[in-house]
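Read through the structure below, which is laid out as structure tokens, and then see the notes.
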Amino acid sequence: MEYDRNYVMTIGGKRVEARPAIDVINPANETVIASVPDCSREQLDLAVAAARAAFPAWRAQPIDARKALVRQIGAVLAAHAGDLARLLTSEQGKPIQDAEMEIAAAVYWCDGTASLDLPVHVNEDTPERRSVTQHVSLGVVGGIVPWNFPILLAIFKIAPALIAGNTMVIKPSPFTPLSLMKLGELLLDVLPAGVLNIVVGGDEVGPWMTEHPEIDKITFTGSTATGRRVMASASANLKRMTLELGGNDAAIVLPDINIEEMAERLFWAAFANNGQICIATKRMFVHKDIYDAVRDALVAYARTVKVGDGAEQGTQIGPIQNHIQFTRVKALIADAHAKGLVFAVGGEVPEGKGYFVPISIVDNPPQDSRVVCEEAFGPVLPLIKFDDLDQVIRDANASEYGLAGSVWTSDLAKGEEVAARMDTGTVWVNEVQYLSPFASFAGHKQSGFGTENGLEGLLEYTSPRTIVVKKNPAL
Ligand code: NAD
């Protein structure tokens, strides 16, 4: 049988073809769009060995040379943005304009991260002694990314890891491997061999990476359940790790908002990327005085939104990305029906091709219902009525997750005050999902471990090294 030469792994600066083993499905119509390799253990070992071999020369380069190459990754993404966006839509399902935005954000992240500097801290400089702390690279970094933002979340890892002087083996989700595989191929002429290796495979490859004795750090984005497994497995050689995990973000909507102005923004807070965003609003608490009006405005807006194939002009929300997630979201909706909960809109999943779930808003479900407690990761939003601010802050914080949250109010000082009481790594006032390569993004509680983005995120790809010089050895 002929191998599918369209999609290759990149290992040690070479295109690595292997027998296609994993079908990649377009979630809008359930057709198989490609078949990709399933990385063997030997191939993973080769990728890790290639990264290890490339490490000394890469680390020895001046940081500005590494930054220049990361900027070039951005330039390659920008130069191929159209093709990559179309590929992303076909494998991920998101509307083409959202795919274009994802690529543009990845370009911006390459440039932004490349403008950060690794600090050198002078701890002490006296006639006797000089003590300086620098931040040095770790070695080989293993990156594992999910299927909701396959390019952007990979770049969140690739840019800082490489700038800090590490080499990498990165693995996309088997549901959405194509765009990252293509990027790997495009970068073969840009990066020195072995600096960035891209492997693709099924369920076994992630655990092989997390337990691999020659990988020094794992940077993982995915679910909290998998994050726990990653942490346990990485203990064998005390790998450094960054875990960006699940969330159940609360929005607290105070009674002084301008509903007309805010309804659309509130809607997209929950439903952008079909709700498949770690930092989507997944519980919306609305003050009782405006609850009915906000609900009605959200429902009216929802009725204007076009759900469909992301490749079609005008589509604003695509399908759920994969069948497993589709089944999970349907189970959550079925549970809501079984408990007698009321849908203000949606709630009926149509038969037919494609993993489509209609925009669904659950009207004031109880706090202990599954649709409130669990991360839906799909277009199902519980809208919850509140009366007392202290109580709603307690309710918002009553979650094992602590990724992000938001407060909506015309009173900015009040907004900041409420934000400061939320137990999450990021809180927005009057918007959501604004991330930046210059600001730390860190999940509290079981939403993560460590930080991505900003200087703190860059430092996660380093270890501190303190050098102490006794200036007069004779004394
Ligand atoms: P997932 O945990 O199922 O998979 C994530 C990645 O881990 C995939 O590449 C998968 O192949 C790999 N993997 C699976 N089992 C593994 C194991 N035992 N060891 C190592 N790797 C393994 O997550 P998903 O369903 O792809 O993504 C959705 C989840 O990701 C949601 O919970 C979402 O909130 C979370 N997420 C978090 C962030 C963040 O920044 N905090 C961003 C996006 C998504």
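Each ligand, and each atom within it, is numbered from 1 in the order the structure gives. Quantities reported herein were computed from a predicted structural model and do not represent experimental measurements.
- Within ligand 1, the atoms closer than 4.0 Å to a non-hydrogen atom of Glu244 are 37 (C), 38 (C), 39 (C), 40 (O), 41 (N), numbered from 1 in the order shown.
- By the 4.0 Å heavy-atom criterion, Phe175 is excluded from the residues contacting ligand 1.
- Close contacts of ligand 1 with Leu153, meaning ligand atoms under 4.0 Å from a residue heavy atom, involve 42 (C), 43 (C).
- Any N or O atom pair closer than 3.5 Å counts here, and Glu375 shares at least one such pair with ligand 1.
- Checking only distances, Pro146 never comes within under 3.5 Å of ligand 1, N or O to N or O.
- Only the side chain of Phe441 comes within 4.0 Å of ligand 1, counting heavy atoms alone; its backbone N, CA, C and O stay farther away.
- Remark: minimum distance from atom 35 (C) of ligand 1 to any protein heavy atom is reached at Gly222 O, 3.1 Å.
- Checking only distances, Leu245 does come within under 3.5 Å of ligand 1, N or O to N or O.
- Counting only heavy atoms, the protein gets under 4.0 Å from atom 1 (P) of ligand 1.
- Atom NZ of Lys330 sits in a crowded spot, with more than 12 heavy atoms from other residues, nucleotides or ligands closer than 6.0 Å.
- Looking at Glu456 and Ser440, their side chains do bring a donor and an acceptor atom within 3.5 Å of each other.
- With a 4.0 Å cut-off on non-hydrogen atoms, Asn148 touches ligand 1 through its side chain and not its backbone.
- Using a 4.0 Å cut-off between heavy atoms, Pro174 contacts ligand 1 through its side chain alone, with no backbone atom that close.
- Protein heavy atom in closest approach to atom 23 (O) of ligand 1: Ser223 N, 3.4 Å.
- Protein heavy atom nearest atom 12 (C) of ligand 1, with residue, atom name and distance: Ile144 CG2, 3.6 Å.
- Pairing each heavy atom of Gly450 with each of Thr242, the nearest pair is C-CG2, 4.3 Å.
- Side-chain polar atoms of Trp408 and Ser406 form a donor-acceptor pair below 3.5 angstrom.
- For atom 15 (N) of ligand 1, the closest non-hydrogen atom on the protein side is Thr226 CG2, 3.3 Å.
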Worksheet item: Going through the distances and angles, do His337 and Phe343 end up as a ring pair (Phe, Tyr, Trp, His ring centres under 6.0 Å)?
Response: CA-CA 9 Å; His337 282 301; Phe343 285 80; 4.7 Å; yes
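- Between Ser447 and ligand 1, not a single N/O pair is under 3.5 Å apart.
- For atom 8 (C) of ligand 1, the closest non-hydrogen atom on the protein side is Val145 O, 3.5 Å.
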Fill in: Derivation and outcome, side chain to side chain donor-acceptor pair (under 3.5 Å), residues Gln321 and Thr176
CA-CA 9 Å; Gln321 197 282 320; Thr176 53; 5.4 Å; no
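- When only interatomic distances are considered, the shortest N/O to N/O separation between Trp147 and ligand 1 falls below 3.5 Å.
- With respect to atom 33 (C) of ligand 1, the closest heavy atom belonging to the protein is Phe377 CE1, 3.3 Å.
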Worksheet item: Given the rule in the salt bridge (Lys or Arg N to Asp or Glu O under 4.0 Å) test, do Arg370 and Glu375 qualify, once you have shown the distances and angles that lead to the verdict?
Response: CA-CA 9 Å; Arg370 277 185 60 193; Glu375 178 187 37; over 6 Å; no
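- Here Asp423 pairs with Asn397, Lys445 under the side chain to side chain contact (heavy atoms under 4.5 Å, CB included) rule; sequence neighbours left out.
- The shortest N/O to N/O separation between Lys171 and ligand 1 falls below 3.5 Å.
- Considering backbone and side-chain N/O of Val230, none are found under 3.5 Å from N/O of ligand 1.
- Partners of Phe271 under the ring pair (Phe, Tyr, Trp, His ring centres under 6.0 Å) rule, at least two apart in sequence or in another chain, are Phe267.
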Worksheet item: Do Asn166 and Trp58 pass the side chain to side chain donor-acceptor pair (under 3.5 Å) test, and can you show the C-alpha distance, the side-chain angles, and the key distance before you say yes or no?
Response: CA-CA 7 Å; Asn166 306 284; Trp58 182 248; over 6 Å; no
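- At least one heavy atom of Pro207 sits under 4.0 Å from some atom of ligand 1.
- Scanning the protein for heavy atoms near atom 5 (C) of ligand 1, the closest one is Thr221 O, 3.7 Å.
- Residue Asp216 is tested with Arg240, Arg52, Lys239 for a salt bridge (charged side-chain N to carboxylate O under 4.0 Å, His left out); the sole match is Arg52.
- Protein heavy atom closest to atom 36 (N) of ligand 1, with residue, atom name and distance, is Cys278 CB, 3.5 Å.
- Look at Glu374 and Lys282 and you find no salt bridge, because none of the NZ, NE, NH1 or NH2 atoms lies under 4.0 Å from a carboxylate O.
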Discussion item. Run the side chain to side chain donor-acceptor pair (under 3.5 Å) test on Asp23 and Ser35 for me, step by step, so that the C-alpha distance in whole Å, both residues' side-chain angles and the decisive distance to 0.1 Å come before the verdict.
Written reply: CA-CA 4 Å; Asp23 286 344; Ser35 216; 2.8 Å; yes
